[in-house]
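Let me begin by presenting the structure, written as structure tokens, before commenting on it.
Below, read A as the first sequence line, B as the second, and so on, with proteins coming before strands; counting in each chain starts at 1.
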4 protein chains.
Amino acid sequence: MGHCMSLQDLKQAVLEANLATVRNGLVIATFGNASAIDRAAGQIVIKPSGVPYDEMTTESMVVTDLEGRMTGNRLRPSSDLDTHLVLYRAFQGIGAVIHTHSTFATIMAQSLMPIPPLGTTHADYFRGTIPVTRHLAPDEISHNYVRATGEVIVETFRDIDPLEVPAVLVAGHGPFVWGRTPEEAVLNATILEEVARFAWHCMMLRPDPAPIPNALLDRHFLRKHGADATYGQPG
Amino acid sequence: MGHCMSLQDLKQAVLEANLATVRNGLVIATFGNASAIDRAAGQIVIKPSGVPYDEMTTESMVVTDLEGRMTGNRLRPSSDLDTHLVLYRAFQGIGAVIHTHSTFATIMAQSLMPIPPLGTTHADYFRGTIPVTRHLAPDEISHNYVRATGEVIVETFRDIDPLEVPAVLVAGHGPFVWGRTPEEAVLNATILEEVARFAWHCMMLRPDPAPIPNALLDRHFLRKHGADATYGQPG
Amino acid sequence: MGHCMSLQDLKQAVLEANLATVRNGLVIATFGNASAIDRAAGQIVIKPSGVPYDEMTTESMVVTDLEGRMTGNRLRPSSDLDTHLVLYRAFQGIGAVIHTHSTFATIMAQSLMPIPPLGTTHADYFRGTIPVTRHLAPDEISHNYVRATGEVIVETFRDIDPLEVPAVLVAGHGPFVWGRTPEEAVLNATILEEVARFAWHCMMLRPDPAPIPNALLDRHFLRKHGADATYGQPG
Amino acid sequence: MGHCMSLQDLKQAVLEANLATVRNGLVIATFGNASAIDRAAGQIVIKPSGVPYDEMTTESMVVTDLEGRMTGNRLRPSSDLDTHLVLYRAFQGIGAVIHTHSTFATIMAQSLMPIPPLGTTHADYFRGTIPVTRHLAPDEISHNYVRATGEVIVETFRDIDPLEVPAVLVAGHGPFVWGRTPEEAVLNATILEEVARFAWHCMMLRPDPAPIPNALLDRHFLRKHGADATYGQPG
């Protein structure tokens, strides 16, 4: 998020992102959480913990810095806050993080199945396989579980550019997705669910389906992303 | 339900719970029924039998005691009343019971497949495998079938705490779910359907999928339940 | 339908039944058709052919006798009329017929897979396996195809009571469903789709799933149907 | 489209077709595009690139000729324009083209699985198997990828009449569908998704499901299409 966005605007954008995950069918009950960062101001806004979506307002949003230091909030932050903080510290290019338990992404996460690029829908948003983390060790679970979840994601992306593959499946849990803006993170989370649905169904037809050719993967990714993108309208 | 809730409030809460099962996609036609108990007053309120959901009001609700004795009701109770009564007598900590034929929970019940804890969505609400009852014997079906259904559920929970695993799959039939309040029972029934959907799809990828580690199961269950719960807002 | 129902009432009931199949998700485009009969008056009312559902009124309904003789109609009848007529002539107890291409019932019909009673949802409405017809022979298809479709349904029910199993899967085509009234036929078509969905998913877990015990099948069917039914409210 | 339709009418029809793909659940995000041609005027109207569906008006529509020459448009055309142009040049009888990433058609396209005629729903709209293209070669992808996509479709239809089978699955990508009018193309795209859904589920029950008899295929296709069609209302 650019530094010219006010804190109130950031809260509004995070509220909208949270509501969009529900509207797009990615979230039931109070599962799921979205956050965004204003890197210039060093401020992160995140959903509160366990508040019903239809009671959420900009005032319910929780403000913190990159180390999780908070003052003046009415409500407790999402119980997944520490995972978000690790991602913001490690992935400098991202501006928003979304966690859901969306159906097919969660099924793949529970099955420890990465999602290979089986079609151009995938290639339009993810330049390669969407990986699964390893399971956390018992001591990682008992000490700082939420932060360890972030760290195992970062470990998984040691050789992957998080802006080229803006999503991960946390083993036995569900997806974390990100983007440069809250809107982009919502879109990535929505497309992730769709490509996970595609992948599951393709795997039922053939246990080990073939990825699309690399030339096709790049052709689609690069027409939507990067300096030479041609998709959409100029400006 | 606390003893300070009036009978009218209890009827309203049971009506709401019944309507929520329809709204959450757990029930079609006139399938399904929800009830709740005021243990101090010894009163149970349950849905009437075969009344369309869009004609149901608080006046349609049926009142009974723990032995099924009724006076002054306009309508017949749900044909599953005796199952609810057995559960209230056996499971002292529960305040509401819901029965649905929700799609994936019913598929697992028809397939006699328990639902192992394959992910944290499951662990957030159910501390372990959701069991399936045995099939009733022919003479249990011919005599007191509905009560026998309750008794086989209780038998199935001989070594399971019903507040740690607040749902069961009745063989060849469908789920019964409970909670301390009607709202909690509705939430448990909704999450049950989601984890049954997850489990079915995971089983299609791998016939015998691995449960999540025990440490992860406990970590998630205990952050939402019990004295040390940290999820949500205080109070 | 009783003979005290006017033709206008019959048209209204058939219009409602057609619209209900769309509302219940059983029909897309202009697929599907519903009809009803007034046996005392010897009149059948059926949906017109190829008219969009949102333009249908009681005036669009087509009236015929049991032999398909029509006068005074503004529109052509459903192209499946002759199938309906055969069913009304052969199955004296039925008052309404519905044909849909609902998703899972059609999948089972295309796969030539009968639907065994795998659970109590099935048993509540169908007292046994829902059969599949044989494929029609080429000469049956080229001469009187629509009537032959009705005749192969009647042939399939040689040893089945159509009021105990009020539905059939026509091979390679889709379901025909009936009932004593249009409302009952709509309900049967809706439940058929649900039990077909259940059956397909159960068959994916186990290729040859076991039907529920006969005692359970009868217990559920007979509490909703026949002289000793106890489900619902008296009168 | 007849030459008596104004350019404004053509834009309205293309806008409607685009919105219908969203309403019918065939499109998420900004995926998908619909176009139509006025052959007499030599004008094609197509959706703009990357514009949200809820901001689209007739003014957003882009006008081009059969060679892709454009003047006076406010917006860039769909990035798939060149595929549409190839189809209009090669398939003289078609008046509209639609591209979607609809779920089951895309799953079949990603799995390189043609859709055989497994039932009468298929036969009502497609007279035979819906084919899959071959994968493009790397040099086809790097030079004129979008035009090459059109050319591989035309190559696939060397021995198929595009008005008898008005759809194709592009390998690793998704469906392109057409019709004589925008309304017909929308209907074909909607039915394609339904028959793809049917086919996927049938293939799960039997890996190599049997097509319906040819007599049944023709009987259904020809009652809806061609000079002797009897379906619907006269005129």
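- In terms of non-hydrogen atom pairs under 4.5 Å with chain B, the most contact-rich of A:Met113, A:Gln110, A:Met203 is A:Gln110.
- Contacts of B:His122 with chain A are absent, with no heavy-atom separation under 4.5 Å from either backbone or side chain.
- Taking the side chain as every heavy atom from C-beta outward, A:Ser142 and B:Arg219 never approach each other to under 4.5 Å.
- Neither the backbone nor the side chain of B:Asn214 comes within contact range of chain A; no heavy atom of the residue lies under 4.5 Å from a heavy atom of that chain.
- Of all heavy-atom pairs spanning A:Met108 and B:Leu205, the tightest one is SD-CD1, 4.1 Å.
- Heavy atoms of A:Asp139 lying under 4.5 Å from chain B are absent altogether.
- Ring pair B:Trp200/A:Trp200 is tilted by interplanar angle, where 30° to 60° counts as tilted.
- Using a 4.5 Å cut-off on side-chain heavy atoms (C-beta onward), A:Ile28 and B:Ile191 make contact.
- The closest side-chain heavy-atom distance from B:Ile212 to A:His173 is not below 4.5 Å.
- In this structure a side-chain-to-backbone donor-acceptor pair under 3.5 Å is present from A:Arg76 to B:Gly232.
- Using a 4.5 Å heavy-atom threshold, the side chains of B:Arg223 and A:Ser79 count as touching.
- Annotation: maximal heavy-atom pairing with chain A below 4.5 Å, among B:Thr190, B:Asp218, B:Asp124, occurs at B:Asp124.
- Residues B:Thr120 and A:His101 have side chains in contact (heavy-atom distance under 4.5 Å, counting atoms from C-beta outward).
- Looking at every heavy atom in both residues, B:Gln233 comes nearest to A:Pro48 through NE2-CB, 3.8 Å.
- Separating the CZ atom in B:Arg197 from the CD1 atom in A:Ile107 is a distance of 8.0 Å, to the nearest 0.5 Å.
- Per-residue heavy-atom pair counts under 4.5 Å with chain A were compared for B:Met204, B:His201, B:Glu194, B:Lys224, and the maximum is reached by B:His201.
- For B:Leu187, the part sitting under 4.5 Å from any heavy atom of chain A is the side chain, from C-beta outward, and nothing else.
- In this structure, OG1 on A:Thr106 lies 12.0 Å from CG on B:Leu118, to the nearest 0.5 angstrom.
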